[in-house]
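The structure appears right after this line, and notes come after that.
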Amino acid sequence: EQELISIRVVFFAKARELAAVSSITLPIPSCTTPHAALNNSVLPRFPALKPLIDHIILAVNQSYVSEPTRYLQEGDELALIPPISGG
Amino acid sequence: EQELISIRVVFFAKARELAAVSSITLPIPSCTTPHAALNNSVLPRFPALKPLIDHIILAVNQSYVSEPTRYLQEGDELALIPPISGG
Amino acid sequence: MADEDNVIVLTEEPLSVDSAMAAVSRDCAGGVSLFVGTTRDNFEGKTVVRLEYEAYHSMAIKEMRSLCDTARSKWPQITAIAIMHRLGVVPVREASVIIAVSSPHRIDAIEACHSLIDELKARVPIWKKEVYQQGSQWKANKEFKV
Amino acid sequence: MADEDNVIVLTEEPLSVDSAMAAVSRDCAGGVSLFVGTTRDNFEGKTVVRLEYEAYHSMAIKEMRSLCDTARSKWPQITAIAIMHRLGVVPVREASVIIAVSSPHRIDAIEACHSLIDELKARVPIWKKEVYQQGSQWKANKEFKV
């Protein structure tokens, strides 16, 4: 039985509309990358996000995810960021 | 006896300070270029302008003088423009 | 350099160029460059009724602070920066963003201000929904890259 | 294009960024770029107490109109331009010049605004006397060429 940790997932703009929720708390296996969490834990719960998924950038704890990706930690905040349009 | 015309000469900034006057009406020979008017009619009346003269640009009727220069006309306004510093 | 020399605002209140100007005015500054993004009344033939903005608030603040740091490292003479972004409804003609930069000489303020609006559009997680007479659409900045 | 789309002001009254903004705001504009030149408190180690400006009024107006025409021919998308210059005494931190340009897309407003302040410094017959604690000096823009 793999150890589970708890992360917070936040949704914005089009992602929030499609998911019909602003944020959730989500159990995921430890040793999960942000992209794995998206594909294996978030998407199955929110299939309506599929059309948007190729345009989403991820952020962890308010920082854009860059390579190499570290594993998510207990209490991390994972953000689904659709294309931005500020300014 | 050469025909005389009357022009207005206006002085600004450092030129106004050195000349101790803002504007004068000046008789000059017809068929006089702006630079000839400056050298032959203005400078002799205002020798205090000598130190500034190399830095002065001329304008006729609110337009910078460009080559070739036309002769001044009756009623023209000749401006002595020291280096500008607006903005 | 103090926090009051980098003024960052996210608000649902109307933005003011005078307050952006006041935020960056300094005795030692000779030039202030400002950029104001306003709501335009049309997009590709459609009439825009209003814009609606939302932000990932905590990350937007963080990214805007980072933009200030980057600008200051590229233009060390900058005396102050203000970045103000409006959230919620922004009617036609009103300001959604104001960027102001002051410096002793104008070239630094002008270049930094221009760079800051470009970088804001590329990095700061704020989203705009364009509301037309018929329908609406989430926009995407072409600058968004990361 | 009407006269109210090129707003030119020479005044001894304080200048306001809000009024420059208002002068160029248009429903069809998405961006406004402003430049504000302010009185700096120092020059080459000397404390500046104030600036004093004078203009060849009629020619300054004429040259500023010409700057608007040139900007509009280079950036045809410009919706409005405001050029405001203060005359007389301008205390430290106050604005001596404000340039504002609006357009549907920001790059035109930004580039035109930058060009206009450069061209104003090169062509418009306005003079600045810098007054120090001890003495004063007429300044010269390095851009002055003609």
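In what follows, chains are A, B, ... by sequence order, proteins preceding strands, each numbered from 1.
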If you count heavy-atom pairs under 4.5 Å with chain A, which of His85(C), Glu130(C), Arg86(C) comes out on top? His85(C)
What part of Ser96(C) gets closer than 4.5 Å to chain A, counting heavy atoms only: side chain, backbone, both or neither? side chain
Between Glu52(C) and chain A, with a heavy-atom cut-off of 4.5 Å, which part of the residue counts as in contact: side chain, backbone, both or neither? neither
Quick check on the interface: out of Ala79(A), Ser66(A), Pro83(A), Ala13(A), who has the most heavy-atom pairs with chain C under 4.5 Å? Ala13(A)
Using non-hydrogen atoms only, which part of Ile117(C) is less than 4.5 Å away from chain A: side chain, backbone, both, or neither? side chain
Of Tyr53(C), Trp138(C), Tyr56(C), which meets ring-ring contact (aromatic ring centres under 6.0 Å, His included) against Phe12(A)? Tyr56(C)
Less than 4.5 Å apart, side chain to side chain, heavy atoms only: is that true for Ile81(A) and Met59(C)? yes
Chain A heavy atoms under 4.5 Å from Ala55(C): which part of the residue, side chain, backbone, both or neither? backbone
Do Lys121(C) and Ser85(A) come close enough that some side-chain heavy atom pair is under 4.5 Å? no
Report the C-alpha distance between His57(C) and Gln62(A) in whole Å, list the side-chain angles of each, state the deciding distance to 0.1 Å, and finish with yes or no for side-chain contact (heavy atoms from CB on, under 4.5 Å). CA-CA 9 Å; His57(C) 203 282; Gln62(A) 299 87 47; over 6 Å; no
With no hydrogens and no angle check, is any side-chain donor or acceptor of Lys139(C) less than 3.5 Å from a backbone partner on Gly86(A)? no
List the atom of Val124(C), the atom of Ile84(A), and the distance in Å for their closest heavy-atom pair. O-CD1, 3.3 Å
Report, as yes or no, whether the 6.0 Å neighbourhood of atom NZ on Lys46(C) holds more than 12 heavy atoms from other residues, nucleotides or ligands. yes
Heavy-atom neighbours of Arg65(C) CZ exceed 12 at 6.0 Å: no
If you count heavy-atom pairs under 4.5 Å between each of Lys62(C), Lys129(C), Glu63(C) and chain A, which one has the most? Lys62(C)
Does any non-hydrogen side-chain atom of Lys14(A) lie less than 4.5 Å from one of Trp127(C)? no
